[in-house]
Amino acid sequence: MLDVSLIRREPDLVRRGLEAKGEVADIDWFLQLDKDYRKVLTELEQMRARQNALSPEIGRKKRAGEDASAELDEVAELKSKQKHLGERKDTLAHDLKKILMRLPNLAADDVPVGHTDAENEIVDTWGEPRTFEFDAKAHWDLGDDLGLLDSQRAAKLSGAGFSLMFGPLAQLERALWNYMLDLHTREHGFQEVAAPYLVLGSTLEGTGQLPKLEAEMYGCKDDDLWLIPTAEVPLTNIHRKEILAEADLPIRYTGFTPCFRREAGAAGADTRGLIRMHQFHKVELVVYAKPEDSDAELLRIRRNAETVLQNLGLPYRVLLLCTGDTSFAARKTFDLEVWAPGCERWLEVSSISTFGDFQARRAGLRFRREGGKKPEYLHTLNGSALAMPRVIVSILENYQREDGSIEVPDVLRPYMGWRTEIRAS
RNA sequence: GGAGAGAUGGCUGAGCGGCCGAAAGCGCCGCAUUGCUAAUGCGGUGACGGGGUCACUCCCGUCCUCGGGUUCAAAUCCCGAUCUCUCCGCCA
């Protein structure tokens with residue numbers, strides 16, 4: 001949620017920022033509503049004050065056996081006026097909130113202005129794309145030939161967009177997430193969290209998925225429970241409506257969860273293999289930070305996520321997303337894209353974002369500095385580290401051998417009973 | 001799923017329809033006292049919104065889980081929801 005006082009003070013700045021984000025918003029209309037709202041509110045409060053002054057007087061007179069009918073009449077009149085004004089105030093407040101909840105975050109100043117992913121900037125690369133002396137296969141063929149990846153039967157169970165993995169391939173995934181969680185908890189200073197996969201609508205409002213991105217989500221609407229699209233949702237909402245102590249920050253959480261996405265806007269895209277799934281597993285990093293620390297934390301998360309790819313020996317590049325490609329709630333985002341030599345594509349395996357105080361305002365995440373001043377909104381950040389399916393894709397394609405077997409990356413071997421390769425049985 | 005009990009400030013815990021933003025204690029902050037520490041004394045100590053101000057002080061409103069209702073007046077009475085606890089049943 002944007003700071004209302006910023007919209008009042010710097011409407012042009014906000015207008016330009018929203019435009020860069022690809023958002024059309026009538027800020028003048030918002031400001032007019034806001035002005036009306038405050039006017040009505042002031043009137044209403046003045047009436048309340050008058051009424052509050054009259055009440056004890058009525059009590060006093062009644063107890064003393066005096067006539068209080070003049071005061072009673074005035075109160076009655078005030079109340080009838082308040083009824084109408086109160087309804088107007090509620091309507092205005094509701095309309096303002098509705099607009100505010102649908103306005104995206106503004107991008108940071110150093111984010112390149114652009115409309116599509118073509119305008120994202122490649123800011124770093126790591127590793128050399130592997131060359132093969134044989135025809136490298138795509139993961140769907142590798143998985144199929146191994147008999148360990150079965151899209152047909154997955155579709156039988158759940159329709160398109162789901163995967164079914166067997167034996168060592170399933171084990172590979174389990175090894176991956178265990179490895180990632182161990183790395184982040186032992187070496188990167190994160191606390192592991194096991195969180196719910198179903199959350200209330202209000203929780204999704206806190207992180208910004210609702211109300212605007214409802215079409216992206218699976219929901220059990222009878223219960224107002226929704227399947228999380230990312231662990232960001234439960235982890236960022238853990239401290240909702242809390243005021244933390246300065247000494248508590250930064251808080252670093254990591255969580256492994258399934259993620260559920262309808263991919264409503266991407267129907268028909270990436271239909272082969274494991275690249276775009278309605279359900280996938282992901283290890284997520286979430287940080288609550290003081291505002292002055294959030295830039296450094298963003299780079300820290302990025303480094304933590306890159307470490308996973310480096311340790312797995314997977315070549316990747318780092319993108320700084322342009323304004324138009326930066327998501328609704330984010331202020332600045334880096335994507336990590338890993339190279340998949342079989343399908344010859346860069347695949348996004350991580351998205352690392354800072355949200356500034358945008359989510360904090362929505363979710364009521366605050367902290368108080370030493371010395372007991374006013375509570376301030378803190379900053380939230382998160383990054384995937386990493387999303388499983390595309391990492392599996394990249395491992396299969398990068399570590400494939402001519403005979404169709406797959407070498408197991410060194411760091412995963414302790415997690416797979418020291419297995420060194422995956423081959424058809 | 002059935003029966004019952006409860007929800008008050010950072011915490012514990014009082015609270016008669018008006019004198020309650022809320023006693024008391026703890027904690028915390030400041031000051032005093034004291035070789036140091038401890039102890040003691042005095043004072044202070046919530047959030048949100050609006051107005052005002054260069055800024056602080058300040059003024060008004062709202063908030064005793066949440067939402068409705070009764071009343072001139074609600075922490076207090078009524079209704080509903082949520083959550084917590086206890087017992088019974090069922091269950092991975």
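Just so we're on the same page: letters track the sequence lines, and every chain starts at 1. None of these values were measured; they are calculated from a predicted model.
Distance check on atom P: B:C66 versus B:U8 gives 11 Å, rounded to whole Å. The gap from the P atom of B:A47 to that of B:C56 amounts to 15 Å, rounded to the nearest Å. Nucleotides B:C54 and B:G35 are separated by 48 Å at their C1' atoms, to the nearest Å. B:A92 and B:G4 have their P atoms separated by 28 Å, with the value rounded to a whole Å. Nucleotides B:C88 and B:U45 have their P atoms positioned 49 Å apart, rounded to a whole Å. When the C1' atom is compared between B:G68 and B:A5, the two are found 24 Å apart, to the nearest whole Å. A distance of about 10 Å separates the C1' atoms of B:U82 and B:G67, rounded to the whole Å. Here the separation of B:C48 from B:C91, taken at their C1' atoms, is 44 Å to the nearest Å.
If you measure from atom CZ of A:Arg60 to atom C1' of B:A73, you get 15 Å, rounded to the nearest angstrom. Counting to the nearest Å, the C1' atom of B:U71 and the CG atom of A:Leu54 are 15 Å from each other. In this entry the distance linking CZ of A:Arg48 with P of B:G61 reads 9 Å, nearest Å. Atoms CZ (A:Arg240) and P (B:C83) sit 14 Å apart, rounded to a whole Å. Rounded to an integer number of Å, the gap from CZ of A:Arg368 to C1' of B:G10 is 9 Å. Remark: P of B:A73 and CD of A:Glu57 are 16 Å apart, rounded to the nearest angstrom. Between the C1' atom of B:U71 and the CG atom of A:Leu78 lies a distance of 16 Å, rounded to the nearest Å. Nucleotide B:A73 holds its P atom 14 Å from the CD atom of A:Glu74, rounded to whole Å.
Distances shorter than 4.0 Å separate some side-chain N or O of A:Arg366 from OP1 or OP2 on B:C48. Note on A:Lys62: every side-chain N or O is 4.0 Å or more away from OP1 and OP2 of B:G18. When the side-chain nitrogen and oxygen atoms of A:Lys79 are compared with OP1 and OP2 of B:A73, one or more of them lie within a distance under 4.0 Å. Of the side-chain N and O atoms in A:Gln51, none sit less than 4.0 angstrom from OP1 or OP2 of B:C72.
Checking side-chain atoms of A:Arg390 against main-chain N and O of A:Ile275 turns up a donor-acceptor pair under 3.5 Å.
Closest to the side chain of A:Ile243, out of B:A47, B:G61, B:C72, is B:A47. When distances run from any side-chain atom of A:Asn52 to the nucleotides B:A47, B:C60, B:U62, the shortest one goes to B:U62.
Closest heavy-atom contact between A:Ala387 and A:Phe280: CB-CE1, 4.1 Å. Summarising the geometry of A:Leu285 relative to A:Thr254, their closest heavy-atom pair is CD2-OG1, 3.5 Å, with the distance given to 0.1 Å.
Judged by Watson-Crick or G-U wobble contacts below 3.5 Å, the nucleotide B:C42 has B:G30 as its partner.
Under the 4.0 Å criterion applied to side-chain N and carboxylate O atoms, A:Asp28 and A:Arg15 are assigned as salt-bridge partners. A salt bridge links A:Glu57 with A:Arg60: the distance from a Lys NZ or Arg NE/NH1/NH2 to an Asp or Glu carboxylate oxygen falls below 4.0 Å. Taking 4.0 Å as the cut-off between side-chain N and carboxylate O, A:Arg413 and A:Glu407 count as a salt-bridged pair. By the 4.0 Å N-to-carboxylate-O rule, A:Glu23 lies too far from A:Arg102 to be salt-bridged with it.
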Can you tabulate the close N/O pairs, meaning under 3.5 Å, that link protein atoms to atoms of nucleotides 49-52 of chain B?
unit_1, atom_1, unit_2, atom_2, d
B:G49, N2, A:Glu45, OE1, 3.0
B:G49, N2, A:Glu45, OE2, 3.2
B:G50, OP1, A:Arg8, NH2, 3.4
B:G50, O2', A:Thr42, OG1, 3.1
B:G51, OP1, A:Arg38, NH1, 3.2

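Annotation: side-chain contact (heavy atoms from CB on, under 4.5 Å) contacts of A:Asp36 (sequence neighbours excluded): A:Gln32, A:Arg88, A:Leu92.
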